[in-house]
Protein chains: 2
Amino acid sequence: MTTDARTPLSRERVLHAAVALADEHGLRAVTMRRLAEELDAEAMSLYYHVAKKEDVLDGIVEVVAQEINETVARLEKGPDWRQTARRRILAARQVFLRHRWAPALFETRSSTSLGVLKYYDSLVGLMHEGGFSHNRIHHALHALGSRALGFSQELFDPSAGASAEVPPELAAQLPNLVGMLSEITHDDPDSTLGWCDDQAEFEFGLDLILAGLDLLRER
Amino acid sequence: MTTDARTPLSRERVLHAAVALADEHGLRAVTMRRLAEELDAEAMSLYYHVAKKEDVLDGIVEVVAQEINETVARLEKGPDWRQTARRRILAARQVFLRHRWAPALFETRSSTSLGVLKYYDSLVGLMHEGGFSHNRIHHALHALGSRALGFSQELFDPSAGASAEVPPELAAQLPNLVGMLSEITHDDPDSTLGWCDDQAEFEFGLDLILAGLDLLRER
DNA sequence: ACCTGAACACCGTTCAAGT
DNA sequence: ACCTGAACACCGTTCAAGT
């Protein structure tokens with residue numbers, strides 16, 4: 001995973017090691033000391049290449065954002081703004097499926113990333129060509145929220161256990177929720193970004209919003 | 001803010017002190033040592049009343065969730081499911097406006113909260129009465145995401161500076177975004193939950209989704 | 001039953017010093 | 001120019017000891 005121990009450190013090496021570490025052991029494993037270890041260096045050495053830990057976190061958001069932009073750049077345009085946007089968003093999602101720690105991080109610090117801004121810039125351009133006013137586009141970005149980037153925020157925690165296993169004394173207090181959950185099955189566990197954000201659910205919400213936006217455009 | 005120094009500690013006092021501390025100085029100020037200080041005790045004393053820090057965080061989510069449920073319980077029903085849901089969601093939002101640190105925390109750990117589950121349970125019940133199948137409701141909750149609870153996730157960071165102040169060398173790389181932002185003004189700075197999640201934007205996205213869902217129900 | 005002092009393992013970070 | 005050892009202030013947490 002890490003390159004030769006003799007390779008000198010660099011901001012880029014530090015950031016890529018951080019992404020790899022997060023991919024393998026989660027974001028919590030990314031400490032300055034652990035990261036240095038991964039690079040066969042001392043924690044203090046990192047400070048020559050990055051300002052502080054926040055800078056590392058900003059940096060790995062940037063790395064992931066670039067990965068998204070490269071993926072999106074390879075896509076062909078669809079027949080209309082909506083299809084094109086949909087394709088891009090679902091492609092971005094694939095990148096997050098490779099970096100499952102990233103949604104949580106993006107939610108706190110995506111504004112610092114030039115790559116994220118470029119992604120949005122391109123989306124704004126697409127919608128503007130597609131007939132939306134800037135004001136509408138602004139609204140649209142809000143309506144989409146993190147869906148514009150390919151993930152939806154998790155309101156339930158994956159670690160809390162499966163849906164059906166609600167303890168009986170709790171179930172009595174939550175009759176409607178338990179009733180609903182007993183009827184629901186999730187389609188594809190491999191496509192999950194968290195507990196409940198699987199591909200089918202993500203697309204449902206995305207399409208609902210894109211359709212709603214498209215109606216507004218035509219008025 | 002804190003009660004008499006003689007008042008014995010309790011889980012409840014600890015949690016309420018934690019909420020007050022987060023309200024005043026942010027979630028980062030909530031450390032075991034600082035929290036103890038606030039209660040005129042030693043950090044180690046807290047461990048008699050809470051298991052660990054995670055337990056404190058779960059607990060303050062619960063406190064806020066209860067606040068939401070109490071607020072919602074006082075509301076009258078609207079003419080239909082959609083109006084009622086809208087009222088509840090906007091009322092929940094008011095609670096988050098008093099606890100601006102809470103959205104970020106809810107996004108990571110709301111599943112542990114009985115109060116949050118009760119909120120959802122009631123929403124599921126409302127929609128079921130309103131003519132939705134459980135399967136549709138499940139989809140609907142996904143489509144709404146955190147909006148069901150009254151906030152939308154922030155993709156941009158409030159600390160990063162105002163929208164118009166994009167440095168010129170950056171602006172050249174982001175023509176569409178800069179074009180958009182130059183036309184946009186946010187309506188009401190007081191209603192903001194973060195950089196861009198103000199009341200008007202929140203309602204736009206919420207109504208778009210509620211309208212889309214309502215159409216599905218009628219089919 | 002409730003609270004605390006001392007101690008441990010772990011953070012991020014600074015700074016003077018090494019090559 | 002690049003890396004490091006020692007040190008600091010701060011975490012969460014344990015545990016034996018106090019009342």
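Chain letters run A, B, ... following the sequence lines, proteins first and then strands; every chain starts at 1. Note that the coordinates shown come from a computational prediction; the quantities given were computed from them, not determined experimentally.
For DNA chain D, the neighbouring residues in residues 47-57 of chain B, judged by any heavy atom under 4.0 Å, are Y47(B), K52(B), K53(B).
The side-chain hydrogen bond (donor to acceptor under 3.5 Å, both in side chains) check on D55(B) picks up R11(B), with sequence neighbours excluded. With sequence neighbours left out, H134(A) forms a ring-ring contact (aromatic ring centres under 6.0 Å, His included) with H128(A).
Residues D23(B) and R98(B) are not paired through a salt bridge, judged by the lack of any N-O separation under 4.0 Å between the basic side chain and the carboxylate. With salt bridges taken as basic N to acidic carboxylate O contacts below 4.0 Å, one links D207(A) and R86(A).
Taking atom CD of E37(A) as the reference point, atom P of dT4(D) lies 13 Å away to the nearest angstrom. Summarising the geometry, the separation between CE on M32(B) and C1' on dT14(D) is reported as 13 Å, rounded to the nearest angstrom. The interatomic distance linking D40(A) (CG) with dT4(D) (C1') rounds to 14 Å, in whole Å. Per the geometry, CG belonging to L46(B) stands 13 Å off P belonging to dT14(D), to the nearest Å. Computed from coordinates, the E42(B) CD to dT13(D) C1' distance equals 15 Å when rounded to whole Å.
Within 6.0 Å of the CD atom in Q94(A), the count of heavy atoms belonging to other residues, nucleotides or ligands exceeds 12.
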Dot-bracket pairing map - DNA chain D, Watson-Crick plus G-U, both contacts under 3.5 Å, | cross-strand: ||.|||||...|||||.||
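The CG atom of L208(A) sits 13.5 Å away from atom CD of E203(A), with the distance rounded to the nearest 0.5 Å.
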N/O to N/O distances under 3.5 Å, protein versus nucleotides 16-19 of chain C:
none

What nitrogen or oxygen pairs link the protein and nucleotides 7-10 of chain D at under 3.5 Å?
none

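Cation-pi contact between R93(B) and F202(B): present, with separation from the ring centre below 6.0 Å and deviation from the ring axis of at most 45°.
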